[in-house]
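Everything on this sheet refers to the single structure shown next.
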Amino acid sequence: GQIISVIGARGGCGTTSVSLIMAAMSAQKLKQPIAFVDSNPIDGSASLLLDLEPSHGFKEALEKPDRLDDLFIERAGVKATEHLHLFCAEEKMGEVVKYHEDAADRLLALMRKEFDATFIDMPHLVNPMTAKMLRLSDHVILLTDMTLQALRDTMRMKEWMREQLKIEQMSVVANRVGHEKSHEVDANDFEKTIDGKLEYKLPYAPNTFMEITADLHILTKMDDEVMDALLKLSKKALPALAQLPEEEEKKDGKKKKQKK
């Protein structure tokens, strides 16, 4: 299976919502097992957003990777929808996670074996384990916003991932576009500064994101600019999604119109 990691250039870019919706969208369209991993066992918010119990034993498995086996998938995976499995923890503040040096390799090898795709929500403050997970990913999505601070951090993060992690398959995506218009950098200037394209610009749509993360099943009813962009992004990151027969896409479109 493919590994797709989503990381923010800075905090508050919306990585959890974006990666979660991409994972749910892929699961719904492919109808195959898809995993979502919240790689921040202390401050991760995926289970909170979905009102689900956090995974049991996730922190321990990161510290003792010999526990990463088929039983771990059954024990720690929480079903969010029919085909979407969540792996996330919610440890106490101040808890120290002693990541084992083999945890990233073992976890991603297991995810590749058990799932058609795994979407990883990465904290923007990288540690040795998450850096290795980024390096092992098939595609990395660098999420940013259009503020000056985010522009600086996008440059830094992009350069670091290219030079230090040797990441080639990377998409830079702007989220929350239009939220702070008076403080946003012009898109052309942004792209010139980072020496690359903003592949997608997701408009500020808090209601859309909150509705979906509150109930992933309503994805089939959503049809707007944000969803179109996230579907295109998912197809680029996940070849199997791009290869779906056009008939399936048309069926989805018809269902949406009927439900409207």
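All of these numbers come straight from a predicted model, not from anything done at the bench. We number each residue from 1, following the sequence as shown.
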Kindly indicate whether the side chain of [X], heavy atoms from C-beta on, has any atom under 4.5 Å from the side chain of [Y].
X      : Y      : value
Pro33  : Glu114 : no
Leu136 : Met133 : no
Leu50  : Val78  : no
Asn40  : Asp121 : no
Lys132 : Asp105 : yes
Leu198 : Met146 : yes
Ile4   : Leu238 : yes

Where the side chain of [X] meets the backbone of [Y], is there a donor-acceptor pair that is under 3.5 Å apart?
X      : Y      : value
Asp116 : Ile34  : no
Lys181 : Glu184 : no
Arg176 : Tyr204 : no
Thr130 : Val126 : no
Lys158 : Ile194 : yes
Arg162 : Ile167 : yes

*For the pair Leu233 and Ser171, evaluate side chain to side chain contact (heavy atoms under 4.5 Å, CB included) and give the outcome as yes or no after the intermediate values.*
CA-CA 9 Å; Leu233 181 58; Ser171 298; 4.2 Å; yes
Hey, could you give me the [atom1]/[atom2] distance between [X] and [Y], rounded to the nearest 0.5 Å?
X      : Y      : atom1 : atom2 : answer
Glu199 : Glu191 : CD    : CD    : 10.0 Å
Leu202 : Met227 : CG    : CE    : 8.5 Å
Arg135 : Ser5   : CZ    : OG    : 12.0 Å
Leu134 : Ile3   : CG    : CD1   : 11.5 Å

*State whether Asp138 and Arg112 are salt-bridged, where the test is any N-O pair (Lys NZ or Arg NE/NH1/NH2 against Asp/Glu carboxylate O) under 4.0 Å.*
yes
*Go through Asp70 and Lys113 one step at a time and tell me if the salt bridge (Lys or Arg N to Asp or Glu O under 4.0 Å) criterion holds.*
CA-CA 10 Å; Asp70 294 346; Lys113 175 182 167 228; 2.9 Å; yes
*Gln149 atom CD: more than 12 heavy-atom contacts under 6.0 Å*: yes
*Residues, nucleotides or ligands: over 12 heavy atoms within 6.0 Å of Asp195 CG*: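 Counting neighbours around CG of Asp195, 12 or fewer heavy atoms of other residues, nucleotides or ligands fall under 6.0 Å, so no.
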*Would you please classify the geometry between the Phe87 ring and the Phe58 ring as parallel, tilted or perpendicular, with 30° and 60° separating the classes?*
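Tilted, since the angle between the ring planes falls between 30° and 60°.
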If hydrophobic clusters are built from ILVMFWY residues whose side chains come within less than 4.5 Å, do [X] and [Y] share one?
X      : Y      : result
Met22  : Leu231 : yes
Leu62  : Leu125 : no
Leu244 : Leu84  : yes

What pair of heavy atoms forms the shortest contact from [X] to [Y], and how long is it?
X      : Y      : answer
Tyr99  : Asn127 : CE1-ND2, 3.6 Å
Val226 : Pro203 : CG2-CG, 3.7 Å
Leu68  : Leu107 : CD1-N, 3.6 Å

*Evaluate side chain to side chain contact (heavy atoms under 4.5 Å, CB included) for Met111 paired with Ile73, printing each intermediate quantity in order.*
CA-CA 9 Å; Met111 292 293 156; Ile73 296 295; 4.2 Å; yes
*Donor-acceptor pair between Thr154 and Thr144 side chains, under 3.5 angstrom*: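 Present: a donor and an acceptor within the cut-off.
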*Determine, stepwise, if the pair Glu63 / Val97 fulfils side chain to side chain contact (heavy atoms under 4.5 Å, CB included).*
CA-CA 7 Å; Glu63 295 178 326; Val97 183; 4.3 Å; yes
*With side chain to side chain contact (heavy atoms under 4.5 Å, CB included) as the test, would you mind laying out the steps for Lys236 and His139 before giving the verdict?*
CA-CA 9 Å; Lys236 176 170 183 179; His139 197 98; 4.1 Å; yes
